[in-house]
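Note that the numbering runs from 1 along the sequence shown for the chain. Values in this document were obtained by computation on a predicted structure and should not be read as measured data.
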Amino acid sequence: MGQLLSQNQTLPVTVSSIQIHGAKNTRKSFLDPLFQPLVENSQDAHYTLADLLKEVGSTVTTLDKFDIFHPGIVVHLAQPPHLDPSTSPSDLDVSLRVREKGRLMLKTGTDLGNTEGSAYGTMFLRNIFGGAEVLSVNASAGTRTRSAYSAEFTTPIKSNPNLRLSIDGLASSTHKPWASHEELLKGAGLRLNWAKDNGDRFQVGYSNTWRQLTGLAATASPTVRGDAGDSVKSAISYMFQRERRDNPQLPQSGYMMKTSAELAGWGALGGDIGFSKSEMEIAGAVPIPIPGLAGPSGVSIGCGLRAGMLYPLPLSFGFSGASPSRLNDRFTLGGPTDVRGFSLAGLGPRDGSDALGGDVFAAGSVNMLFPLPKVGADSPFRFQLFANGGRSVAMRNKKKQNDTVSGQRMTANSVWNGMFSATKEVGNGLPSISAGFGLVYAHPVARFELNFSLPLVMRLGEESRKGLQVGVGINFL
């Protein structure tokens, strides 16, 4: 068959009909935009069998991306019956046989995220209205997130698997012992996601979230008590991610870059919190060949850098001044998934025993991975040497006469000077640094690390973790 197709690659053809068998729950109006170009292009006088095979293969690949059919879509080409007077000798009938995946899936299990483990239950409804729509409902309880309930409805736009619109809702309760409180969230969001053929991913969205800092510990600091209570965040956001690593959980080569930005409370957005928040992350790895060893050695050097800034903004159109950032909007730094050798949120400003988070942060890491003896380069296990460090700094609100508008509100000049000083302070002196070694296991779901860390540089009040430290997550520095 392959030889026959090869010998007829330049044979002129036209598409007489397209039939799809087995798509009983999928709308015709959803499938038509996928196959209409194939019919129209075949009317070209220079259209050949090679062109047809290429376009059919591309369409099948697109169908696979919707995740509503089982892999292995069967394609059959045949000439129409000669008794049909409307056909020509170059006509071909195209038929596809598909098997739809189940529309309902129930799943329970355990989940491992960054520094947290949880048990969850998920209900997943696929292809609800026949256009590859998905509704997922999730309930979970974990070591930090005491309870979380979420629902998300996602649908492709114009039958494009790389362009999707989603609507989501969330209600959660999260214990934050490093800052002596519990945070309650209730909110909803609207997001548009799209991706390029090279894998680059983009997202723009809007969210409105009610937050409450409650359940304060008896030892909660005055700063935590001052931020306790309700707030409403109304924000638009943007995200870009490029992934070029061979294995994100255990990279041996390639690079990754990610940027995100969020604007809350400004202009017509509403809410009672105003800020601009931006964050960037880059990471990369290079393989290290070993002389005399054929093939990949499994030895690599990797590095990563993260940085972010939270810039207070006035509400509405800026006539009342900006308020200092709140505890639940600032960056936290430290822990087994970013700056190893320090406690969770152990870096940065503190009030007593409470970590307050920073308005500006920067962190970096370098590590070297080696395959374990007698295991080989293809094993998900590695021995690692690492060194990492970072700084987290809060903006100082220096109160002077005429420097604030009302209460804690600050003028634009006050905010600018405070942020400039905080950014400058990040690079003032050595960052907090630790080094160590450990074992890495890259599971398809998450990455596991067991490290021995030794803090080398730390600032007064920061919490270090000398000795063994366990890290479980999907995004390590």
Indicate yes or no: does [X] engage [Y] in a salt bridge with an N to O separation below 4.0 Å.
X      : Y      : value
Arg191 : Glu152 : no
Glu100 : Lys24  : no
Lys277 : Glu279 : no
Arg244 : Asp200 : yes
Glu243 : Arg245 : yes
Asp329 : Arg211 : yes

### Task
Check each of Phe240, Tyr238, Phe202 against Trp194 using the ring pair (Phe, Tyr, Trp, His ring centres under 6.0 Å) test, and report the only one that passes.
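Going through Phe240, Tyr238, Phe202 one by one, the ring pair (Phe, Tyr, Trp, His ring centres under 6.0 Å) with Trp194 is satisfied by Phe202 alone.
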### Query
Can a cation-pi geometry be assigned to Lys233 and Phe275, taking NZ or CZ under 6.0 Å from the six-membered ring centre and within 45° of the ring axis?
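Geometry flag: not set, cation outside 6.0 Å or 45°.
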### 4.5 Å side-chain heavy-atom contact, Arg126 and Asp67
yes
### Task
With the side chain counted from C-beta on, respond yes when Asp338 and Leu347 share a heavy-atom pair under 4.5 Å apart, and no when they do not.
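The answer is no, as the side chains (C-beta and beyond) never meet within the 4.5 Å cut-off.
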Exam field: side chain [X] to backbone [Y], donor-acceptor pair closer than 3.5 Å:
X      : Y      : answer
Asn367 : Gln384 : no
Arg27  : Phe129 : yes
Arg391 : Glu425 : yes
Arg340 : Asn388 : no

### Message
Glu281 and salt bridge (Lys or Arg N to Asp or Glu O under 4.0 Å): which single residue from Lys258, Arg242, Arg306 fits?
### Response
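When salt bridge (Lys or Arg N to Asp or Glu O under 4.0 Å) is applied between Glu281 and each of Lys258, Arg242, Arg306, only Arg306 qualifies.
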#### Entry: Those residues that, when tested against Phe30, pass ring-ring contact (aromatic ring centres under 6.0 Å, His included) (two or more places apart)
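Partners of Phe30 by the ring-ring contact (aromatic ring centres under 6.0 Å, His included) criterion, ordered by chain and then number, come out as Phe66.
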### Message
Please determine whether the number of non-hydrogen atoms from other residues, nucleotides or ligands lying under 6.0 Å from atom NZ of Lys101 exceeds 12.
### Response
yes
### Query
Should the ring pair Phe420 and Trp416 be called parallel, tilted or perpendicular, given that the plane angle runs from 0 to 90° and is split at 30 and 60?
parallel
